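Below is one structure, written out as structure tokens; comments come after it.
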Amino acid sequence: MNDRWNVSLKTVVLTAVVGCLSLGSTARAEEADGAHLMPVPQQNAVLQKYCGGCHSDALMYGGLSLEHFDAAHPDPTIAAMLVSKLTSGLTAKDVEAATHGPDPDTKTMALLHGAMGASGSQPDEATQIAFGRALSAQAAGAEEWHSWWSDRPAGQSPKTAAPTLTADIVRQIASTKFPGKVDMYRLILTCRVDTHEGEIKLAWANGVPEEGQPMNVAVDGNLNFTHKAEGGKKQGNGEYGPGATILYPDPDVKLPLPAQTLTVSNLFPNETVVFPFAELSATVRRDLSGCFSPAVALK
């Protein structure tokens, strides 16, 4: 009888502990999600009203389109880039630190520098604060690979829609020009399976290199070439220089899909960023590989 009682008691205690752990996990997940800070429809409305006019498929200012961004299913790399833009070079962790410290609203607002006013107007402070916090929560995991299938890449006409695989990742490097700030690099790969057309795009925030800035690109540490950051207004920040550049396709270089790393140096002085292709899943690598050149030696 005592043994049965002990077993039952242990079961009740274990169930209660598991229940508490589950509740704790749920609470943490809800806190990390950030949706409670601003409802998803409002996030989407704010984004399109104050950011979508310039960052569209047609304009692509800064190499970034927000036309298809949905806060219900956010791309963490885009959220991270947006936080960097809104704070002029800070990160989601900086916003989160302000949120959890004393006088959080004042400190959070101090990090936002009016980037949303580029459209000619901007929302009230409460909306900016809630929006910044929501984006910071959505940026979690931006430094890991994300991939998804769609019927067409951004900017492609629905009439030519075709299954397209996209993979992207962000890297953050301490700015060599602005102490305490971060330069954000985003790499985006796309593969259109019907035509085997692939693209590798490099975008960045917040630094602005000169149009035509030469950078060094290395694939797996042994395939090196020079690439100029060119793209004009369509991939730039208007008259202030480019905000993205197409690494592939390139008429002069047959860039293979890296097996281990893709390294970019000197887009900004004395900065080197390494993208970890070894961390791509085998499935994504297989599906992307049909759109890129086989490895070849440069002449």
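For this chain, numbers begin at 1 and follow the sequence in order. Because the structure is predicted, anything quoted here is derived from the model rather than measured.
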Notebook entry, point to check: If you group Ile, Leu, Val, Met, Phe, Trp and Tyr by side-chain heavy-atom gaps below 4.5 Å, do Val170 and Tyr185 land in one group?
Noted result: no
Next item on the list: Decide side chain to side chain contact (heavy atoms under 4.5 Å, CB included) for Leu82 and Leu66; before the verdict, give the C-alpha distance in whole Å, the side-chain angles of both, and the deciding distance to 0.1 Å.
Entry: CA-CA 10 Å; Leu82 286 171; Leu66 302 174; 3.8 Å; yes
Check: So, the side chain of Gln122 versus the backbone of Tyr50: is there a donor-acceptor pair under 3.5 Å, distance only?
Finding: no
Notebook entry, point to check: Under 4.5 Å between side-chain heavy atoms, hopping through other hydrophobics if needed: is there a path connecting Ile188 to Ile169?
Noted result: no
Checklist line | Joint cluster assignment, Met81 & Leu86, ILVMFWY side-chain distance < 4.5 Å | finding: no
Check: Nearest heavy-atom pair of Pro104 and Thr99: which atoms, and what distance?
Finding: CB-O, 3.2 Å
Check: Would a 4.5 Å heavy-atom cut-off, applied to side chains only, mark Glu279 and Glu144 as touching?
Finding: no
Notebook entry, point to check: Going hydrophobic residue to hydrophobic residue with side-chain gaps under 4.5 angstrom, can you get from Val274 over to Val264?
Noted result: no
Check: Mind checking whether Tyr248 and Phe292 have parallel, tilted or perpendicular rings, split at 30° and 60°?
Finding: tilted
Checklist line | Single hit among Gln213, Lys201, His227 for side-chain hydrogen bond (donor to acceptor under 3.5 Å, both in side chains) with Thr245 | finding: His227
Margin query: Please give me the minimum heavy-atom distance between Val208 and Phe268, naming the atom from each residue.
Written below: N-CE2, 3.6 Å
Item checked: Contact check, side chains of Leu262 and Leu247, non-hydrogen atoms, under 4.5 Å -> yes
Checklist line | Between CG on residue Leu267 and CG on residue Leu202, distance to nearest 0.5 Å | finding: 6.5 Å
Notebook entry, point to check: So how far is it from Thr263 OG1 to Asn224 CG, rounded to the nearest 0.5 Å?
Noted result: 8.5 Å
Note to self: Strictly below 4.0 Å, N to O, side chains only: are Asp183 and Lys181 in salt-bridge contact?
What the structure shows: no
Checklist line | Asn216 side-chain N/O to Ser265 backbone N/O, donor-acceptor pair under 3.5 Å | finding: no
Check: Taking it one step at a time, do Trp149 and Leu165 satisfy side chain to side chain contact (heavy atoms under 4.5 Å, CB included)?
Finding: CA-CA 5 Å; Trp149 285 93; Leu165 175 62; 3.8 Å; yes
Notebook entry, point to check: Within the side chain of Arg286, is there an N or O that forms a donor-acceptor pair under 3.5 Å with the backbone of Ser281?
Noted result: no
Item checked: Short side-chain donor-acceptor distance under 3.5 Å, Thr77 and Asp168 -> yes
Next item on the list: Quick one: closest heavy-atom pair of Gln48 and Phe69, and the distance?
Entry: NE2-O, 4.4 Å
Check: Under 4.5 Å between any side-chain heavy atoms of Leu135 and Gln138, yes or no?
Finding: yes
Next item on the list: Starting at OG1 of Thr106, measure out to CG of Leu111 and round the result to the nearest 0.5 Å.
Entry: 11.0 Å
Item checked: Point-to-point distance, once rounded to the nearest 0.5 Å, from CD of Glu199 to CG of Leu255 -> 12.0 Å
Checklist line | Check against side chain to side chain contact (heavy atoms under 4.5 Å, CB included), Val182 and Asp94 | finding: CA-CA 11 Å; Val182 166; Asp94 295 315; 5.8 Å; no
Note to self: Ignoring hydrogens, what is the shortest heavy-atom contact between Val40 and Ala72? Give both atom names and the distance.
What the structure shows: CG1-N, 3.6 Å
Item checked: Minimum-distance pair of heavy atoms, taken over all atoms of Ala167 and Leu288 -> CB-CD1, 4.3 Å
Margin query: Count I, L, V, M, F, W, Y as connected when their side-chain heavy atoms are under 4.5 Å apart, and connections chain through other members. Are Met184 and Trp145 then in the same cluster?
Written below: no
Check: Please walk me through it: do Asp105 and Arg133 pass salt bridge (charged side-chain N to carboxylate O under 4.0 Å, His left out)?
Finding: CA-CA 10 Å; Asp105 287 357; Arg133 288 173 178 169; 2.7 Å; yes
Margin query: In the structure I gave you, are the side-chain heavy atoms of Leu64 and Lys85 within less than 4.5 Å of one another anywhere?
Written below: no
Item checked: Least distance between heavy atoms, Ser56 atom then Glu67 atom -> CB-OE1, 3.7 Å
Note to self: If you apply the rule side chain to side chain donor-acceptor pair (under 3.5 Å), what do you find for Asn206 with Ser84, and how did you get there?
What the structure shows: CA-CA 7 Å; Asn206 271 291; Ser84 182; 2.8 Å; yes
Next item on the list: For atom CD of Glu125, decide whether the heavy atoms of other residues, nucleotides or ligands shown that lie under 6.0 angstrom number more than 12.
Entry: no
Margin query: Would you compute the distance between atom CD1 of Ile200 and atom CG of Asp250 and round it to the nearest 0.5 angstrom?
Written below: 11.0 Å
Note to self: If only side-chain N and O atoms count, and only distance matters, is there a donor-acceptor pair under 3.5 Å linking Asp57 with Ser65?
What the structure shows: yes
Next item on the list: Working to the nearest 0.5 Å, report the span between CD1 of Ile78 and NE2 of His55.
Entry: 11.0 Å
Notebook entry, point to check: Can you find a heavy atom in the side chain of Glu271 that is under 4.5 Å from one in the side chain of Trp204?
Noted result: no
Notebook entry, point to check: Passes side chain to side chain contact (heavy atoms under 4.5 Å, CB included), Leu112 versus Thr87? Steps please.
Noted result: CA-CA 5 Å; Leu112 306 174; Thr87 61; 4.1 Å; yes
Notebook entry, point to check: Judged by atom type as modelled, is there a donor-acceptor pair below 3.5 Å linking the side chain of Arg186 to the main-chain atoms of Ala205?
Noted result: no
Next item on the list: Check whether any side-chain heavy atom of Thr190 lies under 4.5 Å from a side-chain heavy atom of Glu197, and answer yes or no.
Entry: no
Next item on the list: Report yes if some heavy atom in the side chain of Pro256 is under 4.5 Å from a heavy atom in the side chain of Val219; otherwise report no.
Entry: yes
